[in-house]
2 protein chains.
Amino acid sequence: MSGPDESFLTNCLFFTANRLGRTITKIAEDAFAPTGLTPMYGYLIRLAVGTPGISQKELAEKLSVTPSTLTRFVDKLELKGLVERKVQGKTVLVYATAKGEGMIETIKAASRELRSRYEALLGKEFADEISKQLIFSSEQLEKQ
Amino acid sequence: MSGPDESFLTNCLFFTANRLGRTITKIAEDAFAPTGLTPMYGYLIRLAVGTPGISQKELAEKLSVTPSTLTRFVDKLELKGLVERKVQGKTVLVYATAKGEGMIETIKAASRELRSRYEALLGKEFADEISKQLIFSSEQLEKQ
DNA sequence: CTATTTTGTTTGTACATACAATCAAATTAA
DNA sequence: TTAATTTGATTGTATGTACAAACAAAATAG
């Protein structure tokens with residue numbers, strides 16, 4: 001009575017990782033709704049507040065996105081008046097504006113909300129553990 | 001000497017899951033290059049071959065994408081002559097064409113190549129384990 | 001010191017994906 | 001049996017993200 005074999009999906013790390021990505025992105029965007037930002041933008045602001053004048057290159061590395069994607073993120077946040085660029089030679093330094101800094105508590109609250117939502121469903125232990133394993137996996141796989 | 005606290009990234013399941021998703025998507029697309037398809041399209045064809053006449057609704061569920069996304073996937077594969085639609089009342093049944101079926105071995109080879117690439121970096125044990133945990137996490141989180 | 005290479009950023013373009021609205025078929029209720 | 005609801009699919013639109021090409025500044029080599 002077993003249907004066709006579909007284990008090629010559930011066994012595939014590409015599929016399972018992206019499936020979880022899509023699922024938790026929905027939860028994350030919902031938790032971040034009060035900020036008016038998606039989580040990646042919120043995290044960019046947190047980085048800029050934590051390290052004023054951080055370069056776009058560093059931001060891209062820390063957020064694990066390509067430089068072109070990062071340019072677009074900063075474009076949008078600049079347009080919203082939440083960060084500003086200072087060009088220094090060939091590098092661009094990013095600073096949170098006062099308006100951006102003013103959002104930091106809202107952003108942190110959204111992060112906490114996000115975390116508490118998924119911890120409620122996964123358990124704190126397991127959630128912590130799997131995040132660590134995901135980091136480890138990314139690092140291994142990025143060793144070309 | 002510790003820099004600013006950036007654990008909000010590495011502790012956040014939204015961030016870690018999507019980071020891994022981006023990383024492994026690159027590997028997966030590379031492994032699937034010989035098929036001329038991205039992995040999701042390859043998997044759709046595998047599902048259609050395994051269950052001839054599978055409905056779009058079922059495909060969307062199995063692939064964990066929305067119906068609108070699935071419509072677009074089928075559009076493209078139909079355009080490439082790899083699947084065809086048969087409308088049956090309000091549902092659409094999807095069949096692989098001969099051309100689509102002819103690709104199944106190439107697609108399976110790409111899946112094996114993908115798997116062997118990430119297993120080489122993560123170890124077979126760990127790769128298996130983490131895929132299971134990712135599935136479990138998605139299922140838990142999808143319980144609204 | 002000029003010429004070359006490298007490095008950081010940006011822009012054009014493309015794709016996967018989602019949501020909301022629409023539409024059409026099917027089911028249920030009156 | 002008609003009217004209302006539900007369900008599956010599609011379309012318009014928007015966003016995140018990538019890659020490749022272009023560009024400009026900096027570093028290195030001749």
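No experiment lies behind these values; they were computed from the predicted model shown. All heavy atoms count here, side chains included; hydrogens, waters and symmetry mates do not. Throughout, a chain's letter reflects where its sequence line sits, starting with A, and its residues are numbered from 1.
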Less than 6.0 angstrom separating the ring centers of B:Y43 and B:F73, yes or no? no
Return the NZ to CZ distance between A:K62 and B:F15, rounded to the nearest 0.5 Å. 10.5 Å
Counting just side-chain N and O atoms, does A:T69 come under 4.0 Å of either OP1 or OP2 of D:dA18? yes
Do the side-chain N or O atoms of B:T38 get closer than 4.0 angstrom to the phosphate oxygens (OP1, OP2) of C:dA16? yes
For D:dT10, does either OP1 or OP2 sit under 4.0 Å from a side-chain N or O belonging to B:T71? yes
Counting N and O atoms only, with roles assigned by atom type, does the side chain of B:K143 sit under 3.5 Å from a partner on the main chain of A:L121, one being a donor and the other an acceptor? no
Within the structure, does a side-chain N or O atom of A:Y41 lie under 4.0 Å from either OP1 or OP2 of D:dG16? yes
Short side-chain N/O contact to C:dA16 OP1/OP2 from A:R19, under 4.0 Å: no
So for A:R22 and D:dT17, does any side-chain atom that can act as donor or acceptor lie under 3.5 Å from a complementary atom in the base? no
Whole Å only: how far is the CD atom of B:E29 from the P atom of C:dC15? 11 Å
Between D:dT7 (P) and B:L70 (CG): distance, integer Å: 19 Å
Determine: side-chain N/O of B:K57 to OP1/OP2 of D:dG8, distance under 4.0 Å, yes or no. yes
D:dG8 phosphate, OP1 or OP2: any side-chain N/O from B:Q88 under 4.0 angstrom? no
Under 3.5 Å, is there an N or O donor on one side and an acceptor on the other linking the side chain of B:R72 and the base of D:dG12? yes
Spacing of A:E58 atom CD relative to C:dT9 atom C1', expressed in whole Å: 14 Å
Reckon B:S68 has a side-chain N or O less than 4.0 Å from the OP1 or OP2 of D:dT10? no
Please state how far atom OH in A:Y43 lies from atom P in D:dT17, giving the value in whole angstrom units. 13 Å
Is the terminal nitrogen or CZ of A:K86 (NZ for Lys, CZ for Arg) located under 6.0 angstrom from the six-membered ring centre of A:Y95 and within 45° of that ring's axis? yes
Interatomic distance, B:L77 CG vs C:dC15 C1' [rounded to whole Å]: 14 Å
Rounded distance in Å - CG (B:D75) to C1' (D:dG12): 14 Å
Looking only at side-chain N and O atoms, does A:K76 come under 4.0 Å of OP1 or OP2 in D:dG16? yes
